[in-house]
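For this chain, numbers begin at 1 and follow the sequence in order.
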Amino acid sequence: MRRIHVGNALSAFGLGFTVPYLYVYVAQVRGLGAMTAGLVLAVFAVAALIVLPFAGRAIVRRGPLPVLLAALVLAALGALSLGLAGGAATVLLSAAALGAGQAVMQPALATMIVDCSSADTRSRAFAMQFFLQNLGLGVGGLIGGHLVDTTRVSSFTLLFAIEALMFLLLVVVMATVRMPHSPRMEDAPARSAKGTWKQLLGNRAMVQLCVLGFVLFFACYGQFESGLSAYGVEAAGISTSALGTALAANTLMIVVAQFAVLRLVERRRRSRVIAAVGLIWAVAWLAAGYAGLGHGSQEMATAAFVSTYALFGLGEAMLSPTVAPLVADLAPEGLAGQYNSAFALVKQLALAVGPAVGGPLGASLHAPYIVTFLLFSLSVTVLALRLGRRLTAVQDRPWAGRESRVVSRGQAATEPVAAEA
């Protein structure tokens with residue numbers, strides 16, 4: 001588990017080096033224009049949507065470690081070639097390789113955490129993963145910002161080379177991991193890919209969780225660097241430095257609050273924790289509404305906007321030990337990789353649709369933008385409470401089964417448990 005956490009930190013550190021500067025690199029440093037830079041960002045999302053359905057099947061059949069190693073090598077090749085690419089075609093192909101490798105890492109690492117943890121330790125393990133990811137992204141972005149120089153292509157080549165080196169270093173670290181045996185498709189009667197997807201779609205609780213997950217990622221993560229930032233600049237008059245402060249406040253809230261929040265939510269019903277996140281994010285959108293639509297001073301508007309990002313960070317810290325372990329507990333034996341990949345696919349779809357919808361709306365239709373995402377946040381609460389009625393007692397309250405050491409996996413409750421304390 002320690003090696004897996006080191007791997008999460010290294011991969012996030014490498015991505016933090018380059019992701020914030022990708023647009024500038026393609027559009028300005030390589031001189032390929034804003035259109036190509038936009039296509040590169042779109043390629044990341046498209047590559048993820050293409051490979052994730054196959055990644056789940058591969059993880060189930062081969063195990064998460066071989067799939068992770070292949071994804072890391074692909075991502076390293078994509079990062080290195082991106083730093084050396086000079087033409088639009090090579091830049092797009094390199095971005096596709098990097099995006100595909102990066103996308104597959106997520107469910108592979110999540111499945112490794114499931115295989116190396118128990119019901120008692122899983123929430124803490126996923127909380128640690130989220131903490132290290134944000135810390136790695138923040139530190140990587142900070143160091144990368146001091147290394148880049150838009151007048152020197154070589155500084156960006158160095159950045160992408162460091163990212164590739166991080167992925168290759170992670171290959172070395174992960175190659176030493178001895179994974180415990182967990183059921184694979186070879187251990188069970190053969191199923192077709194169509195059959196496993198049909199089984200997943202037949203799990204009503206998992207389908208509801210995927211719908212909830214789409215709304216969560218669409219209403220929060222999908223707005224961070226698109227709609228919400230455009231709204232802040234256009235409606236609230238937020239400066240670029242204040243926008244950077246808001247993003248830093250989000251990361252700082254996660255880093256500072258993660259383990260305090262973990263102690264608070266560990267013995268709370270998962271469905272109600274997610275429902276509370278919806279209410280917290282509704283308050284965040286109200287603060288954003290005040291920043292852009294209120295009549296206070298610029299200082300008050302800036303403070304409200306920074307508070308919006310901090311409140312989002314608090315909600316994220318509550319979700320990290322809640323949602324990913326719930327996906328694992330809903331998966332039948334041997335299909336954790338399939339379920340993790342399906343949920344990652346939903347996340348990528350929300351991250352692709354979110355900016356496309358929120359960007360234009362946040363930049364021009366300020367009041368409708370706030371009202372729309374305020375309603376989405378409240379719908380998180382409603383969907384979470386409805387999901388709670390489909391979960392078994394142990395899926396919703398994992399500590400309830402610790403005495404018997406029995407974890408209910410892959411089944412929906414036959415009787416509602418919403419009335420249970």
Task: side chain to side chain contact (heavy atoms under 4.5 Å, CB included) between Ser320 and Glu316, worked out - done: CA-CA 6 Å; Ser320 62; Glu316 292 173 76; over 6 Å; no
When rounded to the nearest 0.5 angstrom, what is the spacing between [atom1] in [X] and [atom2] in [Y]?
X      : Y      : atom1 : atom2 : result
Asp396 : Leu391 : CG    : CG    : 5.0 Å
Ser11  : Leu170 : OG    : CG    : 6.0 Å
Met166 : Leu169 : CE    : CG    : 5.5 Å
Thr381 : Ile274 : OG1   : CD1   : 10.5 Å

Open item on the list: I'd like to know whether Phe167 forms a side chain to side chain contact (heavy atoms under 4.5 Å, CB included) with Met105, so could you lay out the CA-CA distance, the side-chain angles of the two residues, the decisive distance to 0.1 Å, and finally the verdict.
Closed with: CA-CA 10 Å; Phe167 291 139; Met105 288 181 213; 3.4 Å; yes
Verify, without hydrogens or angle tests, whether [X] (side chain) and [Y] (backbone) share a donor-acceptor contact under 3.5 angstrom.
X      : Y      : value
Ser341 : Gln338 : no
Thr308 : Ala288 : yes
Asn8   : Leu109 : no

Open item on the list: If the condition is side-chain contact (heavy atoms from CB on, under 4.5 Å), which residues does Ala257 pass it with, not counting sequence neighbours?
Closed with: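 Only Met253, Val261 meet the side-chain contact (heavy atoms from CB on, under 4.5 Å) criterion with Ala257.
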Task: Positive for ring-ring contact (aromatic ring centres under 6.0 Å, His included) with Trp285, one of Tyr369, Tyr309, Phe376 - done: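 The residue from Tyr369, Tyr309, Phe376 that satisfies ring-ring contact (aromatic ring centres under 6.0 Å, His included) with Trp285 turns out to be Tyr369.
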TODO: Apply the ring-ring contact (aromatic ring centres under 6.0 Å, His included) test between Phe312 and each candidate in Phe305, Phe373, Trp281; give the one that qualifies.
DONE: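 For Phe312, the ring-ring contact (aromatic ring centres under 6.0 Å, His included) check succeeds only for Trp281.
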Please table the atom pairs, donor to acceptor, closer than 3.5 Å between any side-chain atom in residues 75-91 and protein atoms at least two apart or in another chain.
| residue | atom | partner | partner atom | Å |
| --- | --- | --- | --- | --- |
| Ser81 | OG | Leu77 | O | 2.8 |
| Ser81 | OG | Gly78 | O | 3.1 |
| Ser81 | OG | Ser94 | OG | 2.8 |
| Thr90 | OG1 | Gly87 | N | 3.4 |
| Thr90 | OG1 | Gly87 | O | 3.0 |

Any side-chain heavy atom of [X] within less than 4.5 Å of one from [Y]?
X      : Y      : result
Thr372 : Leu365 : no
Pro64  : Met174 : no
Asn340 : Ile59  : no

Task: Phe130-Phe126 aromatic ring centre distance below 6.0 Å - done: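 No: the rings miss the under 6.0 Å criterion.
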TODO: Mind running side chain to side chain contact (heavy atoms under 4.5 Å, CB included) on Thr322 and Val277 for me, showing each step along the way?
DONE: CA-CA 11 Å; Thr322 306; Val277 170; over 6 Å; no
Task: Residues that Arg152 engages under salt bridge (Lys or Arg N to Asp or Glu O under 4.0 Å), provided they are two or more places apart - done: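 Partners of Arg152 by the salt bridge (Lys or Arg N to Asp or Glu O under 4.0 Å) criterion, ordered by chain and then number, come out as Asp149.
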Open item on the list: Using side chain to side chain contact (heavy atoms under 4.5 Å, CB included), reason through Gln258 and Asn134 one step at a time and then give a plain yes or no.
Closed with: CA-CA 11 Å; Gln258 181 64 82; Asn134 280 275; over 6 Å; no
